[in-house]
Amino acid sequence: MPHIQVPENAPGILGPMKFSPQTAEPMNALANALLQTDEGLSRGERELIATYVSSQNECVFCQTIHGAVASAYLGDEDWSFVNAVKEDYEQTPLTNKMKALLAIAGSVQKGGKNVTSEQVEAARHEGATDKDIHDTVLIAAAFCMFNRYVDGLATVAPSDPNIYRYRAARITQKGYSAEGEYTPQAT
Amino acid sequence: MPHIPLPEHLPGITGLLEYRLDTALPIRDLTQILLRGESTLTQGERELIATIVSSRNCTNFCEAAHTKAADMLLGETETARLVKLNFETAPVSDKMKALLNIAALTQKSGKSVTPEAIERAHHAGATDLEIHDTVLIAALFCLYNKYVDGLATVAPTDPAYYETLGERIVGRGYMRPPGGHQPPKSTNEV
């Protein structure tokens, strides 16, 4: 049960976002600016960073919804690839650049000061630009905020994967917003 | 030295907020709403929440800036100092102690916020909105702290810098000034 009274039928972050629409607006604007672009890093790569950080923070709702969005972009229908990235990205066929960026994201999750010059150098060596490095750090930092918002208020994470698949399809088409449903409307 | 090239005259978060304006705008909007918008918590109380989270994340730039803002809004420097040292014995209300406790737990992780911590805040008179805002301010400052430290931005050591920054965020708030922050015209002028 959430720590505060949020509207019903609004799972995960949607509950507090419907409770406080004024703050939901810039939060969704930030998610769209960071995740809904292919400039430098692709949408799928950005969602993988969000998913990985959320899994390191053990935020079930965020890692499942962003994992579902990443899978939708990457053609990972059974979620096996995204699950492997969460488990141990070094063993996946991800590019060396993405592995280096995920290492930076993992350090940000532990604490900003954990990001080393060596990690940044390694990412540059694999072709990461300044902007790729900037965006990786900010996506990781932003998900340390989103994850804390979701879990700090004890929101409810649905267990049915189809709920996330349905919402993920909407996100890939329309971007992030506090609008819309998580479950298909009865017709 | 920062991990990416940033203007030298813009230390800490200020250079990052000029680096990508489209991500900076919603971060500024959220901060302005949470710290300066209408609320049953005073601006000073909200700056104390920002301060304790930044202090526990050991982010010198944010801690110094928001301590200064809290000091200016409260009209004294003791409260912020004591809150950082031990909020349970600091000269703040029982409600604020309960909210600072929630902020400190949120800093550790979202899952650290217990029903008991929430119950304590409710019992001390905190509303759901105050609890919501406390968690979100604490979460937002985890974003700021990790952004500022993750890119190894520079924290000036001269207290005069934070004097000026404190005046700016208390007097003008968190939105970008038109045209951004211009570099100093000469080295003698800051």
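Throughout, protein chains are lettered first and strands after them, A, B, ... in sequence-line order, and every chain is numbered starting at 1.
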- prompt: With no hydrogens and no angle check, is any side-chain donor or acceptor of A/Ser42 less than 3.5 Å from a backbone partner on A/Asp38?
  reply: no
message: Can you tell me which of A/Thr129, A/Asn28, A/Val108 forms the most heavy-atom pairs within a distance under 4.5 Å of chain B?
response: A/Val108
- prompt: Given a strict heavy-atom distance threshold of 4.5 Å, which part of A/Met1 is in contact with chain B: side chain, backbone, both, or neither?
  reply: neither
task: Among the options A/Lys113, A/Lys131, A/Arg124, pick out the one with the most heavy-atom pairs lying under 4.5 Å from chain B.
output: A/Lys113
query: Is there a donor in the side chain of A/Ser107 and an acceptor in the side chain of A/Asn114, or the other way round, less than 3.5 Å apart?
result: no
A/Leu35 side chain near A/Arg43 side chain, heavy-atom distance below 4.5 Å: no
statement: Whatever's closer than 4.5 Å to a heavy atom in chain B on A/Val120 counts as side chain
- request: For the pair B/Glu63 and B/Lys84, find out whether any cationic side-chain nitrogen is under 4.0 Å from an anionic carboxylate oxygen.
  value: yes
message: If I measure from the heavy atoms of chain B, does A/Phe146 come under 4.5 Å with its side chain, its backbone, both, or neither?
response: neither
- prompt: Atom OH of A/Tyr52 and atom CG of A/Asn57: how far apart are they, to the nearest 0.5 Å?
  reply: 10.5 Å
message: Which atoms of A/Asn32 are under 4.5 Å from chain B, going by heavy atoms: the side chain, the backbone, both sets, or neither?
response: neither
A/Tyr164 side-chain N/O to A/Pro158 backbone N/O, donor-acceptor pair under 3.5 Å: yes
message: Checking an interface table here. Which of residues 29-60 of chain B come within a heavy-atom distance under 4.5 Å of chain A?
response: B/Asp29, B/Leu30, B/Ile33, B/Leu34, B/Asn57, B/Cys58, B/Thr59
- request: Return the option, out of A/Ala142, A/Cys144, A/Ala154, A/Ala141, with the maximum number of heavy-atom pairs under 4.5 Å with chain B.
  value: A/Ala141
query: Taking the six-membered ring where the residue is Trp, are the ring centres of B/Phe141 and B/Tyr144 under 6.0 Å apart?
result: yes
- prompt: Side chain, backbone, both or neither: which part of A/Glu121 has a non-hydrogen atom closer than 4.5 Å to chain B?
  reply: neither
message: Only heavy atoms, only distances under 4.5 angstrom. Which residues in residues 105-134 of chain B are near chain A?
response: B/Thr106, B/Gln107, B/Lys108, B/Ser109, B/Gly110, B/Lys111, B/Val113, B/Thr114, B/Pro115, B/Ile118, B/His122, B/Asp128, B/Leu129, B/Ile131, B/His132
